[in-house]
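Proteins get letters first, then strands, A, B, ... in listed order; numbering begins at 1 in each.
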Amino acid sequence: MIDKPARVRFAPSPTGHMHLGSARTALYNYLLARQTGGQFILRIEDTDQKRYVPGAEKELIDGLHWLGLDYDEGPDVGGSFGPYRQTERRETYREHVQKLVDLGKAYPCFCTPERLEKVRQEQQQQKIRTHYDGFCRNLDPQEAAARIASGEKHVIRFKMPSEGTTTALDYIRGPITVENKLLDDSVLMKSDGWPTYHLAAMVDDHLMEITHVFRSSEWLGTFPLHANIVRAFGWEEPIWIHLSIFLKPSGKGKMSKREKAEAIKDGYSIFVKDLQDLGFIPEGLNNWAALMGWGAGETEDILTLPEMIEKFDLHHLNPSPAAINFTKLDYFNGAHIRMLALDDLAARIKPYFLRENYKVDDATLLKIVPLIRERLVTLDDCLPFAAWFFKETLTINPADLVAKNLDSAQSAQVARKIYAVLENLPNVSHAVAEAPMRALTENLGLSLGQVLGLLRVAVTGQMVSPPLFESMEIVGKSLVLERLRNAIDILEKMSV
RNA sequence: GCCCCCAUCGUCUAGUGGCCCAGGACGGGGCCCUCUCAAGGCCCAAACAGCGGUUCGAGUCCGCUUGGGGGCACCA
């Protein structure tokens with residue numbers, strides 16, 4: 001599907017951590033821009049002074065970079081439609097809201113927050129719709145001007161048409177119609193002089209020549225308002241695409257704050273930064289997030305970013321809410337890890353060893369990677385599988401050394417036999433060691449599981465490890481024999 | 001309370017009136033491979049919320065019911 005170049009924007013507010021929903025919205029924006037040869041823009045919607053979180057913008061930018069969703073215009077990269085931070089566009093909003101006032105499509109309102117709260121409570125008591133009662137809607141313009149001149153605090157409200165209906169077109173849902181009398185005279189400009197989202201986003205989308213607006217379906221309620229604002233200015237509307245929201249794994253509502261915190265304990269999170277720390281890779285995360293709400297086709301599942309760019313199609317976006325399925329994220333992550341080049345994977349898991357203070361040498365690491373690659377679900381799984389490679393001494397649970405269906409004395413006996421065989425080999429490489437070990441197993445009348453299981457624990461210190469012979473090849477003969485000697489000691493001590 | 005949106009296997013989805021006794025993927029179960037754990041291969045169970053229409057024909061169109069979700073700020 002190749003269309004005209006799209007200008008799209010990801011417009012988060014720096015009020016907290018970047019979460020999954022944001023990541024997916026950003027991804028869809030990116031995909032459409034790249035597919036059509038258009039531009040992907042980052043705009044920071046920071047007009048709410050009270051909710052501003054220092055560092056949030058940086059986290060957003062870092063998150064985007066980590067995900068590989070590079071943007072063409074934004075606060076840190078510039079562009080000819082800037083500035084890209086709404087706090088730097090205050091004058092623009094002021095001019096535009098004035099235009100609306102002059103047009104008679106917006107008006108100053110002097111109601112105090114206290115009065116509004118009182119009105120709201122009364123409405124709730126009467127069980128009627130909570131809305132602005134229009135107290136200032138028909139103030140005499142002269143009088144209003146005088147009150148403003150005298151410095152009286154006020155906001156600017158949009159004068160919503162009071163009769164008829166408004167129909168706005170959502171790309172994936174079709175036309176959405178509401179009765180205008182149900183619509184509120186929303187605040188466009190706050191008393192602190194900053195615009196609300198309703199005004200700022202509409203103005204910016206127009207001025208920045210945005211062609212497609214991807215946003216959460218949480219905006220559906222104010223969709224008619226926004227359409228009315230755009231129309232009041234006489235502007236052309238962008239294509240609106242309201243994305244389904246993400247539900248908690250049970251499918252019952254959005255994740256609560258508490259549930260978000262709980263998820264971390266299970267090794268999951270809805271925050272991009274956490275997911276990164278937890279060992280998820282951008283390739284896996286993008287793939288998983290993309291497919292929540294987008295039907296990519298009949299059979300395709302594992303997709304790379306370039307493949308997604310090629311296949312992305314607005315027609316296959318899904319309007320229904322989607323329950324988060326972290327198990328499926330595991331699958332996508334593992335699948336993409338397996339697709340990584342060996343040196344790439346090595347570079348990505350190295351920090352996890354360093355984080356635990358292991359001394360990692362790159363040559364060894366590179367030899368280990370092919371052994372553990374298909375075993376990793378998340379990057380930090382490298383630790384349980386391969387940390388032992390970098391340990392000076394092993395901590396062995398003696399009971400693990402005792403081979404299945406044998407006692408400690410018998411196991412010690414087997415261990416000595418293994419030692420004797422390995423000792424006489426030129427080295428313990430896979431090619432050299434396997435056949436003799438199989439032969440030994442057969443001679444002893446034991447199973448491979450019994451013999452190699454014992455050897456595994458002796459060499460790696462654990463019951464589960466990467467393939468034994470390949471591992472021994474990396475460790476080397478002398479260390480293998482040393483550890484085997486140690487294992488024999490342990491078993492002999494157990495037997496007395 | 002009011003408004004809006006949504007509705008196919010447990011989950012994510014394919015399906016745009018006949019190609020569907022509904023396809024794929026995750027998860028689950030079984031088998032194979034196998035030195036552990038994985039990965040991989042094969043197989044199985046599993047869904048059109050209900051009821052009315054429209055039509056020669058409906059998962060697909062319409063209505064209602066039910067269920068679910070979102071919203072009703074000088075937050076975004």
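Here, B/U13 and B/A49 have their P atoms 15 Å apart, quoted to the whole Å. As rounded to the nearest Å, B/U8 and B/C4 have C1' atoms that lie 24 Å from one another. Across B/G23 and B/A47, the matching C1' atoms stand 12 Å from one another, rounded to whole Å. Comparing the P positions of B/A22 and B/C48 gives a spacing of 10 Å, expressed to the nearest Å. The same atom, C1', is picked in B/C2 and in B/C20; the two are 41 Å apart, to the nearest Å. Taking atom C1' on both nucleotides, B/C64 is separated from B/C19 by 32 Å, rounded to a whole Å. Atom name P, nucleotides B/G27 and B/U65: the rounded distance is 40 Å, in whole Å. Across B/C51 and B/U60, the matching P atoms stand 12 Å from one another, rounded to whole Å.
Residues satisfying the side chain to side chain contact (heavy atoms under 4.5 Å, CB included) criterion with A/K404, sequence neighbours excluded, are A/Q450. Residues satisfying the ring-ring contact (aromatic ring centres under 6.0 Å, His included) criterion with A/H131, sequence neighbours excluded, are absent altogether. Under the side chain to side chain contact (heavy atoms under 4.5 Å, CB included) criterion, A/V119 pairs with A/R115, A/Q123, A/D133, not counting sequence neighbours. Under the side chain to side chain donor-acceptor pair (under 3.5 Å) criterion, A/W240 pairs with A/E237, sequence neighbours left out. Under the rule for a side chain to side chain contact (heavy atoms under 4.5 Å, CB included), the partners of A/E374 that lie at least two apart in sequence or sit in another chain are A/R338.
Between the NE2 atom of A/H242 and the P atom of B/A76 there is a distance of 16 Å, given to the nearest Å. If you take CG of A/L225 and C1' of B/C75, they are 14 Å apart, rounded to a whole angstrom. The OH atom of A/Y268 sits 11 Å away from the C1' atom of B/G27 (whole-angstrom rounding). Distance A/R24 CZ to B/C12 P: 12 Å, rounded to the nearest Å. Separating the CG atom of A/D204 from the P atom of B/A76 is a distance of 13 Å, rounded to the nearest angstrom. Counting to the nearest Å, the P atom of B/U13 and the CD1 atom of A/I172 are 11 Å from each other. The CG-C1' distance, from A/L169 to B/C5, rounds to 15 Å in whole Å. Atom CE of A/M292 and atom P of B/C6 are 18 Å apart (whole Å).
Note on A/G334: nothing from the nucleic acid sits closer than 4.0 angstrom, heavy atoms only. Within 4.0 Å of A/S186, counting heavy atoms only, lies no atom of the nucleic acid at all.
Each of A/L329 and A/P195 lies near RNA chain B, and the nucleotide nearest A/L329 is the one positioned closer to the 5' end. Positionally, the nearest nucleotide of RNA chain B for A/V178 lies more toward the 5' end than for the other of A/G293 and A/V178.
Considering only side-chain N and O atoms, A/N318 lies under 4.0 angstrom from the phosphate OP1 or OP2 of B/A14. Between A/H316 and the phosphate of B/G15, there is a side-chain N or O to OP1/OP2 separation shorter than 4.0 Å.
Taking the six-membered ring where the residue is Trp, A/F110 and A/H154 present tilted rings, their angle falling between 30° and 60°.
Residue pairs meeting the ring-ring contact (aromatic ring centres under 6.0 Å, His included) criterion with at least one member in residues 442-462 of chain A, sequence neighbours excluded, do not occur. Within the structure, salt bridge (Lys or Arg N to Asp or Glu O under 4.0 Å) contacts touching residues 427-447 of chain A (residues at least two apart or in different chains) are A/E434-A/R438.
The backbone N or O of A/H242 sits less than 3.5 Å from a side-chain atom of A/D170, completing a donor-acceptor pair.
As the counterpart of B/C33, no nucleotide is assigned, since no Watson-Crick or G-U wobble pattern has both distances under 3.5 Å. B/C72 is paired with B/G1 under the Watson-Crick or G-U wobble criterion, all donor-acceptor distances under 3.5 Å. When Watson-Crick and G-U wobble pairs are counted only if both distances are under 3.5 Å, B/A7 pairs with B/U66. Here B/C19 sits opposite no nucleotide as a Watson-Crick or G-U wobble pair (both hydrogen-bonding atom distances under 3.5 Å). B/G59 is unpaired under the criterion used here, namely a Watson-Crick or G-U wobble arrangement in which both key atom distances are under 3.5 Å.
There is no side-chain donor-acceptor pair under 3.5 Å between A/D192 and A/Q49.
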Evaluation steps, side chain to side chain contact (heavy atoms under 4.5 Å, CB included), between A/Y28 and A/I241
CA-CA 10 Å; A/Y28 287 171; A/I241 304 153; over 6 Å; no

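The side chain of A/A323 lies closest to B/U11 when the candidates are B/U11, B/G27, B/C75. Nearest to the side chain of A/K328, among B/G24, B/U13, B/C5, sits B/G24.
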Per-nucleotide protein contact along nucleotides 65-74 of chain B, 5' to 3', at a 4.0 Å heavy-atom cut-off (B base, S sugar-phosphate only, - neither), is ----SSSSSB

Annotated protein contacts, base or backbone, on nucleotides 33-41 of chain B with a non-hydrogen cut-off under 4.0 Å, one of B, S, - each:
--BBBBSS-

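In this structure the side chain of A/C109 reaches within 4.5 angstrom of the side chain of A/Y132, judged on heavy atoms.
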